[in-house]
Amino acid sequence: VWIGSVSTFDSIRQIRRQRIGTQVFVLSAEAARARIAEALKAGATGYGLKMAETDDLIGAIRFVGEGHRYISREVDQIRFLSVESLQLGL
């Protein structure tokens, strides 16, 4: 995934480095475990899927804004083991 000429993961790292304390929520159509793990390793605090209900996404963004980690529950429904399996050492 790219934003302009910069990868999403590099963008996340840059945001977290330049704006200390900023929470990053990734909204994606991809539910691949490797992509989610990479986003979290890069510093994303939350990961939501575009297919999620609007109210769920709004709640997730608020939750992440409060400093909590969030992974869309739809990810669990798409063969995900658990939030705990996303340790940074994957």
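- Considering all non-hydrogen atoms of both residues, Ala44 and Val26 come closest at CB-CG2, 3.8 Å.
- Within a 6.0 Å radius of CD in Glu66, other residues, nucleotides and ligands contribute more than 12 heavy atoms.
- For the atom pair CZ (Arg62) and CZ (Phe25), the distance works out to 12.5 Å, reported to the nearest 0.5 Å.
- The minimum heavy-atom distance linking His68 with Thr45 is given by the pair O-CG2, 3.2 Å.
- Cluster annotation: Ile71 is not connected to Leu27 through the hydrophobic network of ILVMFWY side chains, with a link wherever side-chain heavy atoms come within less than 4.5 Å.
- Taking both residues in full, the closest heavy atoms of Val24 and Val64 are given as O-CG1, 4.3 Å, listed atom of the first, atom of the second, then distance.
- The minimum heavy-atom distance linking Glu30 with Tyr47 is given by the pair O-OH, 2.8 Å.
- Between Leu57 and Gly48, the shortest heavy-atom contact is CD2-CA, 4.4 Å.
- Once rounded to the nearest 0.5 Å, the distance linking CG of Asp10 with CZ of Arg17 reads 8.5 Å.
- The CD1 atom of Ile36 sits 12.5 Å away from the NZ atom of Lys41 when rounded to the nearest 0.5 Å.
- Arg35 and Phe9 get closest at one heavy-atom pair: NH1-CE1, 3.4 Å.
- In this structure, Gln18 contributes its side chain and Arg16 its backbone to no donor-acceptor pair below 3.5 Å.
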